[in-house]
Amino acid sequence: MSYQSSVQVLQQVVSDFFKEVHNIEIKASSVNITTISQDIAGDYSVVLFPYLKRLSTNPADLASDLVPYLTRHGVDIVDHEVIKGFLNITMGNRIWTDLLSQMQALGEDYCRAALTGKTVMVEYCSPNTNKPLHLGHIRNILIGWSTAQILEQAGNKVVKVQIINDRGIAICKSMLAWQKYGNQETPQSSGVKGDHLVGKYYVLFESKFKDEYSQWQSTQEAESVYNAEKKENEQQEHFYQRYKNQYFNLQSILGGEAKRLLQQWESGDQEVVTLWKTMNGWVYSGFEQTYDALGVNFDKLYYESDTYLYGKEVITKGIADKVFYTKDDGSVWVDLEDKGLDQKLVLRSDGTSVYITQDIGTAMQRHTDFGFDQLIYVVGNEQDYHFKALFATMDKLGVPYADQLHHLSYGMVDLPSGKMKSREGTVVDADDLVKEVIAEAEASARESQFLADLSKDDKAEVYRSIGLGALKYFILKVQAKKRMTFDPSQSVDMHGVTAPYIQNAYVRIQALMNKSSGQVQLATDYNWEAREKNILIMLDNFGKVIKSAGDNLDPSLIANAVYDLAKEYHRFYNDYKILTAETPSAIQCRLILSQQVATTLKVGMRLLGIEMPQKM
RNA sequence: GGCUUCGUAGCUUAACUGGAUAGAGCAUCUGACUACGGAUCAGAAGGUUGAGGGUUCGAAUCCUUCCGAGGUCACCA
């Protein structure tokens, strides 16, 4: 049995009306039912505008047919009014009691959708193994995790995966720096978290390379390269900035050594592979700690080192099938101009794979493994073009699931000073940030009388749920596609549109429940107040919000709905007595309403990855 | 420059996917129960939704031209 919302029922009956009385097909889901603002009478509004022309009638006449029909078919309307093209209806009292009783019977499941039978794969995080996770990853992780939870609640089977970019020149840089300057330092010997340790050597490499490059710039060789390759009127400084990558590839000593490591790795050199495994192992255990701290996990990990070869096979087959073409220098390309894109390289002239090669292989591997109905890549919007090209290429390859691939593109996180730049040391580290917000929560919760009798561990758990909740909510309440600014010097808010505000509503209800005695049962003779009906309408609508968040891949919809509900409840709580209400019926009904609010808040926050404390 | 995303109160943002008088929070000012838990509530002030034009019963939302900001246009990932 699943919950049927009152809006759904209304939509269906209105749709039936058009079919039966006017013989026109209007899908129930497209019937526009809206809620009504405070100062206009009524509970729901049926928008009549769209049908007026088609039926060549006016709102008043249409309403005078529709309202009796609705009443005849079980919709209890006690009052109605037509304003412009809006038919505003006020429902009978019983409807609200029935709704609440249905919700109560289903508990948390009232807003869980029926199973769709579909498998959705969500890829998120997907870090490189040469640097620790930062604020940008946190946004990715939270969006990915939350989207996965939402899709599951919406009735899908969800598989959470990531691709780990464990291969390539970047990790070789860290390895080389460690070999040269590391003195056998390990996470155990130094007490530094593994990913941070490897990150340290990556930074060290970059700084040594920078020294080498600037020294080179004063040599004769540099001078002649500049003269040979500069653009007209190009300043020396500007040229050297532009030339950096080529220098790394052509002249650099450190660059040469790093590239040799990469070649040795590709050819399976045992010593290099062992070092690679060891250092990646450090990184993985570091990442694992960060994931734990954030409360997220994955069902399956894919490693680029496994999938890139598969991608190359696909390319080779694709050449035979004329999907790809080869240039004189041996490089392989795909022509995407008929899809409004450009030519795209898929294999280098030396036969090695590039980013897109690996992604083609990975997608196919995943489809073989799980046969997904949808694959969602949670990746920043700087890669919009890459994913367009990838999907277009998959389509050219003729895979039947090409149109089931989606890029959930999210905006960058900026600092007040602008972009985060690792070179300038302005990157906000994920581990530091998590610690900081929890400490912040502790600072504001330490005085709380309600936590006095908790054990130290339980207190820590409360601080964690508040601090982490505040951080997660702060990030998830903003639509994913928007870029956002994060000011690390300002502590995360604890008031207003925040997780603690919502958690507080939940905690208040827990306190009510603990104080209420005995069985509570829904009284049938209770007249619902307008404010209570507002809450009921929100509860009723919550399943629809989840569906919409799933369809749009947008957790912010949940974040906003949960806040609206908490706010409405806080208002209600302030204006009405609950445990000391005037009549026993009122006490019972308000308690059950409160309980269902708490349930809904908990479900909603769980979808955002935020836990609810019992006390705070 | 091509493609692309975005532009809403001082700041951060919402708007049920085209619906009614654009709704919140922060910051500012003023108030509220001798606490069913004050991380709360009520009120004031703050808007030509970047600008112009169009589409229609109706536009922050769709189309179009400007203006402004970001991303991307690697044999990097």
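Only this structure's heavy atoms are used, side chains among them; waters, hydrogens and symmetry mates stay out. Model, not experiment: these values are computed from the prediction.
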Can you check whether [X] has a side-chain N or O nearer than 4.0 Å to OP1 or OP2 of [N]?
X	N	value
A:Tyr410	B:G71	no
A:Arg508	B:G38	yes
A:Arg54	B:C57	no
A:Gln479	B:A15	yes
A:Lys567	B:G25	yes
A:His495	B:C26	no

Close aromatic pair by centroid cut-off 6.0 Å: A:His406 and A:Phe387: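 Between A:Phe387 and A:His406, which both carry aromatic rings, the centre distance is not below 6.0 Å.
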
Would you please indicate yes or no on a ring centroid separation below 6.0 angstrom for A:His386 and A:Tyr355?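 Yes, the ring centres sit under 6.0 Å apart.
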
Backbone N or O of A:Val346 within a donor-acceptor pair of the A:Thr357 side chain at under 3.5 Å?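 Such a contact is found between A:Thr357 side chain and A:Val346 backbone.
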
For a quick check, tell me whether the side chain of [X] and the base of [N] share a donor-acceptor pair closer than 3.5 Å.
X	N	value
A:Thr580	B:C36	no
A:Asn130	B:A77	no
A:Ser448	B:A39	no

Any side-chain heavy atom of A:Tyr385 within less than 4.5 Å of one from A:Asp342?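 Yes, their side chains come closer than 4.5 Å.
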
Selected nucleotide, minimal atom distance to [X] side chain, candidates [options]:
X	options	value
A:Arg483	B:U40, B:G70, B:C75	B:G70
A:Asn504	B:C16, B:A39, B:U4	B:A39
A:Val478	B:C36, B:U13, B:A77	B:U13
A:Ile83	B:A74, B:A20, B:A14	B:A20
A:Lys53	B:G25, B:C57, B:C41	B:C57

Using a 4.0 Å heavy-atom cut-off, does A:Leu52 contact any base of the nucleic acid, only the sugar-phosphate backbone, or nothing at all?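 If one applies the 4.0 Å heavy-atom cut-off, A:Leu52 turns out to touch nothing in the nucleic acid.
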
Could you tell me how far apart [X] ([atom1]) and [N] ([atom2]) are, to the nearest whole angstrom?
X	N	atom1	atom2	result
A:Asn381	B:U5	CG	P	11 Å
A:Asp554	B:A14	CG	C1'	12 Å
A:Asp342	B:U72	CG	C1'	11 Å
A:Lys344	B:C3	NZ	C1'	13 Å
A:Leu87	B:C57	CG	P	21 Å
A:His407	B:U72	NE2	P	12 Å
A:Phe572	B:A42	CZ	C1'	17 Å
A:Asp350	B:C75	CG	P	12 Å

Criterion salt bridge (Lys or Arg N to Asp or Glu O under 4.0 Å) on A:Lys602 and A:Glu611, from CA distance to verdict: CA-CA 8 Å; A:Lys602 191 176 178 185; A:Glu611 290 162 21; over 6 Å; no

Any strand counts, and the cut-off is 3.5 Å on both contacts for Watson-Crick or G-U wobble. Which nucleotide pairs with [N]?
N	value
B:A42	B:U30
B:U48	none
B:U13	B:G23
B:G2	B:U72
B:G7	B:C67

Assess whether ring pair (Phe, Tyr, Trp, His ring centres under 6.0 Å) is satisfied between A:Tyr247 and A:Tyr240, documenting all intermediate values. CA-CA 9 Å; A:Tyr247 170 77; A:Tyr240 285 136; 9.1 Å; no

Syn/anti label of B:U17 as read from its glycosidic torsion, with the cut at 90° from 0: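 Syn conformation for B:U17.
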
